[in-house]
Amino acid sequence: MTAHVSKRSAYEQARREHDFLRERIKFLHHQLELRQVPLAEMERLLNEFRGRLESHFHSEEHEGFFDHVVSRAPQLSRQADSLSHEHVELLQGLDSLIGLAGCDTGEPQCWRVLTLRFEDFIKQLMHHESEENGMLQQAYADDLGTKD
């Protein structure tokens with residue numbers, strides 16, 4: 001496998017993972033809007049999402065995403081470090097949501113608060129993922145932009 005294929009593969013893998021996360025977020029948001037599952041089920045779904053998100057972050061930090069980007073575009077190293085540090089904060093935010101879903105008091109306001117906080121969390125996560133996608137585009141613009 002050539003280095004070009006390897007870099008393109010890293011780019012495509014990151015894009016697929018980000019697409020998957022967006023689909024899961026849409027699903028979770030839909031579940032929160034419908035309010036047809038018990039909060040205990042929402043807690044389980046959020047826990048499942050947390051596991052996937054933690055795995056995604058681990059992969060970015062330890063399995064080459066940031067390394068590929070920074071080796072390709074060293075000027076992005078500070079941004080990569082900053083985004084890596086955001087992973088902890090995002091997981092903590094998700095832990096807070098999981099805790100909120102686990103406090104089922106049977107009151108409708110629990111759903112409303114959980115939905116509002118989930119929306120805030122998703123804004124932060126989507127901004128984070130957008131920054132990562134921007135890094136990908138900057139680092140791989142030469143390789144990927146010539147295919148159009």
Side-chain angles (χ1 to χ4, degrees), residues 1 4-104 110-145 147-148:
M1 183 183 320
H4 175 73
V5 173
S6 172
K7 289 174 184 173
R8 186 161 184 84
S9 175
Y11 175 85
E12 292 301 327
Q13 179 181 350
R15 297 287 292 173
R16 280 192 306 272
E17 185 67 20
H18 289 172
D19 288 345
F20 175 82
L21 290 174
R22 277 191 293 279
E23 288 302 315
R24 288 306 296 168
I25 288 165
K26 285 179 190 176
F27 171 76
L28 291 168
H29 191 263
H30 185 70
Q31 294 301 312
L32 285 166
E33 285 181 339
L34 291 177
R35 300 180 185 182
Q36 292 180 345
V37 298
L39 276 174
E41 176 64 8
M42 255 338 284
E43 180 183 18
R44 187 193 69 74
L45 291 170
L46 289 168
N47 261 314
E48 180 182 277
F49 180 68
R50 190 205 190 279
R52 183 63 186 241
L53 190 61
E54 184 174 29
S55 175
H56 169 71
F57 289 161
H58 182 271
S59 176
E60 288 179 339
E61 293 173 15
H62 302 288
E63 295 176 16
F65 171 78
F66 287 130
D67 291 339
H68 281 285
V69 168
V70 171
S71 70
R72 180 82 179 167
Q75 72 275 16
L76 298 174
S77 65
R78 184 173 288 155
Q79 185 179 7
D81 287 344
S82 176
L83 290 170
S84 182
H85 290 300
E86 284 182 15
H87 291 168
V88 172
E89 295 168 10
L90 288 164
L91 290 174
Q92 289 172 342
L94 190 49
D95 288 340
S96 176
L97 289 171
I98 292 166
L100 185 58
C103 296
D104 185 0
C110 289
W111 278 103
R112 190 173 77 71
V113 171
L114 181 61
T115 301
L116 291 172
R117 289 192 185 164
F118 181 78
E119 289 172 359
D120 288 341
F121 169 78
I122 294 311
K123 286 177 188 173
Q124 293 172 332
L125 179 60
M126 290 296 93
H127 180 266
H128 174 87
E129 295 299 310
S130 176
E131 291 290 314
E132 289 179 350
N133 286 335
M135 282 179 41
L136 279 172
Q137 291 170 356
Q138 287 179 12
Y140 293 100
D142 292 342
D143 288 349
L144 300 173
K147 301 291 182 191
D148 290 339

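Just so it is clear, the values below take in all heavy atoms, side chains as well, and ignore hydrogens, waters and symmetry mates.
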Glu17 and salt bridge (Lys or Arg N to Asp or Glu O under 4.0 Å): which single residue from Arg24, Arg52, Arg22 fits?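 The single option meeting the salt bridge (Lys or Arg N to Asp or Glu O under 4.0 Å) with Glu17 is Arg52.
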Closest non-hydrogen atom pair between [X] and [Y], with its separation:
| X | Y | answer |
| --- | --- | --- |
| Ala80 | Met135 | CB-CE, 3.8 Å |
| Leu114 | Leu39 | CD2-CD2, 3.7 Å |
| Trp111 | Pro38 | CZ2-C, 4.1 Å |
| Phe49 | Leu125 | CZ-CD2, 4.0 Å |
| Phe121 | Gly93 | CD1-C, 4.2 Å |

[atom1] of [X] to [atom2] of [Y]: how many Å apart, nearest 0.5 Å?
| X | Y | atom1 | atom2 | value |
| --- | --- | --- | --- | --- |
| His62 | Asp67 | NE2 | CG | 10.0 Å |
| His18 | Met126 | NE2 | CE | 8.5 Å |
| Ser84 | Phe57 | OG | CZ | 9.5 Å |
| Leu45 | Gln31 | CG | CD | 6.5 Å |
| Glu43 | Leu97 | CD | CG | 11.5 Å |
| Leu46 | Ile98 | CG | CD1 | 5.5 Å |

salt_bridge(Arg50, Glu54) N-O dist < 4.0 Å: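 Answer for the salt bridge query: yes.
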Is the closest basic N to carboxylate O distance between Arg44 and Glu48 below 4.0 Å?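 So Arg44 pairs with Glu48 through a salt bridge.
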I'd like to know whether Arg35 forms a side-chain contact (heavy atoms from CB on, under 4.5 Å) with Arg112, so could you lay out the CA-CA distance, the side-chain angles of the two residues, the decisive distance to 0.1 Å, and finally the verdict. CA-CA 10 Å; Arg35 300 180 185 182; Arg112 190 173 77 71; 4.0 Å; yes
Run Gln79 and Val69 through side-chain contact (heavy atoms from CB on, under 4.5 Å) and show every step you take. CA-CA 10 Å; Gln79 185 179 7; Val69 168; over 6 Å; no
Given salt bridge (Lys or Arg N to Asp or Glu O under 4.0 Å), test Arg117 with Asp120 step by step and report yes or no. CA-CA 5 Å; Arg117 289 192 185 164; Asp120 288 341; over 6 Å; no
What about His87 and His56, are their ring centers closer than 6.0 Å?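 His87 vs His56: aromatic centres not under 6.0 Å.
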What I'd like to find out is whether the side chain of Val88 reaches to under 4.5 Å of the side chain of Gln92, using heavy atoms alone.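 The answer is yes; the side chains approach within 4.5 Å.
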Check: His128/Glu132 side-chain N/O donor and acceptor closer than 3.5 Å: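 Yes, a side-chain donor-acceptor pair sits under 3.5 Å.
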Run the side-chain contact (heavy atoms from CB on, under 4.5 Å) test on Phe66 and Leu83 for me, step by step, so that the C-alpha distance in whole Å, both residues' side-chain angles and the decisive distance to 0.1 Å come before the verdict. CA-CA 9 Å; Phe66 287 130; Leu83 290 170; 4.1 Å; yes
